[in-house]
There are 2 protein chains.
Amino acid sequence: MVKKPTIKDVARRAGVSIATVSFVLNNSPGQVISEPVKKKVMKAAKALNYHPSAIAAGLASRRTGNIAIVFYRSPDLISNQYYSFVLEGAIREAARRGYNLFFSYVDAEYGAAEELPKVVREGNTDGVIFVKQVHPQMVRDIESRAIPVVVIDHFPRTSDVNAIEIDNFRGAEMAAEHLIALGHRRIACLFACGDRPSIQGRLDGYRHAMELAGIPLHDRDSLVDCGDLGFEAGLESALHLLSRKRRPTAILCVNDELAAGVLRAAHGAGLSVPSDLSVTGFDNITMSRFTDPPITTVSGDKEELGAHAIRRLVEIIARKSADKIQEVLPVSLIVRNSTAVAP
Amino acid sequence: MVKKPTIKDVARRAGVSIATVSFVLNNSPGQVISEPVKKKVMKAAKALNYHPSAIAAGLASRRTGNIAIVFYRSPDLISNQYYSFVLEGAIREAARRGYNLFFSYVDAEYGAAEELPKVVREGNTDGVIFVKQVHPQMVRDIESRAIPVVVIDHFPRTSDVNAIEIDNFRGAEMAAEHLIALGHRRIACLFACGDRPSIQGRLDGYRHAMELAGIPLHDRDSLVDCGDLGFEAGLESALHLLSRKRRPTAILCVNDELAAGVLRAAHGAGLSVPSDLSVTGFDNITMSRFTDPPITTVSGDKEELGAHAIRRLVEIIARKSADKIQEVLPVSLIVRNSTAVAP
DNA sequence: CTGAAAGCGCTTACAG
DNA sequence: CTGAAAGCGCTTACAG
């Protein structure tokens with residue numbers, strides 16, 4: 001059983017006070033330590049394989065070195081391909097900045113401060129990242145404890161929160177422009193969860209591109225609410241859509257799973273993609289490369305989304321600055337074989 | 001700016017000492033507190049919305065209330081569907097047990113104790129869960145600090161480690177038995193990363209079922225190393241395999257992505273699945289339901305894998321017991337439309 | 001340039 | 001049944 005060396009052990013071995021050890025190891029600003037002393041301390045610390053207790057340092061300094069990333073409880077948030085990439089980016093960046101990352105869930109309801117995330121209530125984190133959903137009052141309660149908050153894909157869309165998202169509007173617009181450039185006019189849009197800002201942005205982008213192209217939108221025909229964003233929902237909705245007398249020549253889907261469902265529906269209806277029907281997705285999840293045909297889709301840098309959130313948070317922690325800003329990360333269109341010139 | 005109330009505030013409001021507050025709130029064993037005093041303390045704590053500082057409690061009690069889950073750095077570990085479910089199960093169970101969960105990465109190389117995970121070096125965790133890969137010496141170094149370790153899908157396969165995995169052997173065996181029962185004899189096995197124990201177990205299960213059925217295995221023909229476990233690898237390997245004079249009537253794949261690639265290859269080769277060729281996968285990832293046809297696969301309870309690891313760890317932390325055991329979680333065969341009677 | 005000392009907010013023997 | 005006090009391992013004004 002090895003017991004962790006303490007700062008005292010280092011001080012004794014180096015022949016200095018524990019204060020000096022602390023100054024050297026933390027490179028404390030305003031403290032000038034002579035080179036020889038510095039060397040002695042470093043050597044002793046190294047020899048003992050000393051690492052300061054995060055807990056003790058946290059208690060004394062009032063900063064924990066931890067960041068919490070909080071998800072609203074939802075059946076498949078993390079196993080959701082999309083957010084798992086975000087997570088991965090966040091973990092890497094946090095490690096690079098010397099922060100540990102806590103993971104936690106929080107319930108959808110928020111009554112009183114009593115229900116703040118455990119890590120917040122117990123003073124165990126220097127900052128919080130929320131993913132997707134957020135309760136505005138909870139954010140305020142957290143920030144009132146001097147703990148900054150950054151939200152990824154914020155929903156609802158309040159403006160008094162630090163937020164980052166990918167450019168959903170421009171992404172859908174690019175997909176629509178791509179289809180229009182291929183000569184399509186009857187372009188339907190499959191969506192769901194229209195109240196989420198990320199989806200809303202995509203719908204708006206689609207609408208805007210259609211408008212610019214002078215294509216009138218008959219909402220009843222063009223916009224199809226699938227109920228949810230899964231494969232089966234896309235399949236069912238496309239089956240209906242494709243059985244209409246004047247069926248669309250292209251379908252823009254707000255995510256890749258829906259698009260995969262559409263592909264299956266087209267197959268079932270005896271339509272060939274892309275010669276009879278063009279299909280676009282959104283998100284560039286792994287599966288979108290493996291469908292038959294591979295799906296033309298919109299891709300944002302998901303890992304960067306997570307990394308950027310950490311960077312923002314660390315900056316705010318350091319500067320204690322408090323202007324709330326919303327940032328948008330660029331997206332790109334990835335053209336694959338599910339889209340072609342209109343028939 | 002709200003400042004967190006401390007134990008002193010509660011003590012003052014309740015008219016008792018801070019020790020009493022601590023006893024009441026922690027339900028300290030061996031301390032008998034009168035009901036009226038208990039009530040007073042609880043009321044005061046509630047009124048102030050007091051929650052003990054995890055940091056201060058950690059320093060005083062020498063337990064942090066944190067568990068770390070550590071991944072070896074690898075490009076797609078978390079975004080890997082499989083492990084994201086494991087993660088999800090772990091987060092839930094940890095929360096239920098009152099533990100916070102740290103996430104971190106560690107490099108594949110391990111030289112000295114110097115390179116232990118940061119949370120371990122800094123005394124910030126009560127236990128560690130490794131996912132998939134593990135460096136035996138690192139485990140020993142961590143345990144020598146009285147921090148227990150549990151490994152999920154341990155690799156390499158040392159026996160002096162607490163480990164949990166799904167029943168890979170039995171899973172592959174079931175898949176093979178299923179194919180054999182359908183009358184198949186020429187059953188190829190697509191695999192990769194044969195040195196990983198999870199894959200190794202699957203290979204052994206396949207071999208065992210074939211042996212029991214008295215089907216001779218010509219390793220060169222039957223066992224195909226795809227190089228990696230991805231879709232494209234499965235596609236390429238199947239293309240070769242299916243162009244042979246005596247092609248197999250069934251292909252057992254060690255994971256679903258390979259199986260999806262095989263489906264595509266069959267399609268490209270003009271073979272119909274399942275009438276011309278049966279295909280099985282492993283893992284039951286989301287995509288396996290969406291391929292055409294949906295894939296017959298083996299499913300373990302991935303969330304349970306994560307949850308169980310947490311439970312084990314918490315038990316070991318509580319009991320300080322140290323017998324190393326390896327557990328295996330059951331799996332089930334999910335029959336879908338990619339398998340049928342041999343042609 | 002360095003050290004002695006207070007204090008961070010708890011827990012836990014130890015008394016009574 | 002309850003309280004006074006030491007101590008967990010650090011950081012950080014404050015002296016010198």
Side-chain angles (χ1 to χ4, degrees), chain A residues 3-42 44-45 48-66 119 121-126 145-146, chain B residues 3-42 44-45 48-66 119 121-126 145-146:
Chain A
K3 57 183 189 310
K4 255 171 99 9
T6 72
I7 196 170
K8 276 190 193 164
D9 299 318
V10 179
R12 196 175 311 125
R13 186 180 241 263
V16 300
S17 75
I18 62 166
T20 301
V21 173
S22 176
F23 292 150
V24 171
L25 264 31
N26 292 319
N27 235 308
S28 305
Q31 297 292 340
V32 197
I33 308 284
S34 68
E35 273 311 312
V37 169
K38 246 184 205 162
K39 285 240 161 59
K40 272 195 302 185
V41 171
M42 299 300 272
L48 295 171
N49 187 26
Y50 168 74
H51 294 275
S53 153
I55 299 267
L59 183 56
S61 70
R62 278 114 203 311
R63 53 177 299 285
T64 66
N66 303 329
V119 284
R121 285 195 316 252
E122 299 180 347
N124 222 336
T125 186
D126 295 340
R145 285 163 138 81
Chain B
K3 58 183 187 313
K4 254 170 104 2
T6 72
I7 195 171
K8 277 189 192 166
D9 299 318
V10 179
R12 196 175 311 124
R13 185 179 242 262
V16 300
S17 75
I18 63 166
T20 301
V21 173
S22 176
F23 293 150
V24 171
L25 263 32
N26 292 320
N27 234 309
S28 304
Q31 297 291 341
V32 198
I33 308 283
S34 68
E35 273 311 312
V37 170
K38 247 184 205 160
K39 285 239 162 62
K40 272 196 302 184
V41 171
M42 298 300 273
L48 294 171
N49 187 26
Y50 169 74
H51 293 275
S53 154
I55 298 267
L59 182 57
S61 71
R62 281 114 201 310
R63 51 177 300 285
T64 65
N66 303 330
V119 284
R121 285 195 316 251
E122 300 180 347
N124 221 336
T125 185
D126 295 341
R145 287 163 138 81

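In what follows, every chain begins at residue 1, and chains take the letters A, B, ... in the order their sequences are listed.
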| task | Please name all residues satisfying salt bridge (Lys or Arg N to Asp or Glu O under 4.0 Å) with B:Lys38, sequence neighbours left out, ordered by chain then number. | result | B:Glu35

| task | Please list, chain by chain and in numerical order, all residues satisfying side chain to side chain donor-acceptor pair (under 3.5 Å) with A:Ser17, sequence neighbours excluded. | result | A:Thr20

Show me the donor-acceptor pairs, under 3.5 Å and distance only, between side chains in residues 6-13 of chain A and residues at least two apart or in other chains.
{"from": "A:Thr6", "atom 1": "OG1", "to": "A:Lys8", "atom 2": "N", "distance (Å)": "3.1"}
{"from": "A:Asp9", "atom 1": "OD2", "to": "A:Thr6", "atom 2": "N", "distance (Å)": "2.7"}

| message | My understanding is that only residues two or more places apart in sequence, or in another chain, count here; which of them pass side-chain contact (heavy atoms from CB on, under 4.5 Å) with A:Ala54? | response | B:Glu122, B:Asn124

| task | Only counting residues at least two apart or in another chain, list the ones meeting side chain to side chain donor-acceptor pair (under 3.5 Å) with B:Thr64. | result | B:Asp126

| remark: Annotated structure of DNA chain D as dot-bracket, pair cut-off 3.5 Å, Watson-Crick or G-U only, | for inter-strand, is |||.||||||||.|||

| query | Considering residues at least two apart in sequence or located in another chain, which fulfil the side chain to side chain donor-acceptor pair (under 3.5 Å) criterion with B:Arg62? | reply | none

| In B/S/- notation, 5' to 3', how is nucleotides 8-16 of chain D contacted by protein heavy atoms closer than 4.0 Å? | BBBBBB---

| field | Qualifying salt bridge (Lys or Arg N to Asp or Glu O under 4.0 Å) pairs, either residue in residues 49-58 of chain A, two or more places apart | value | none

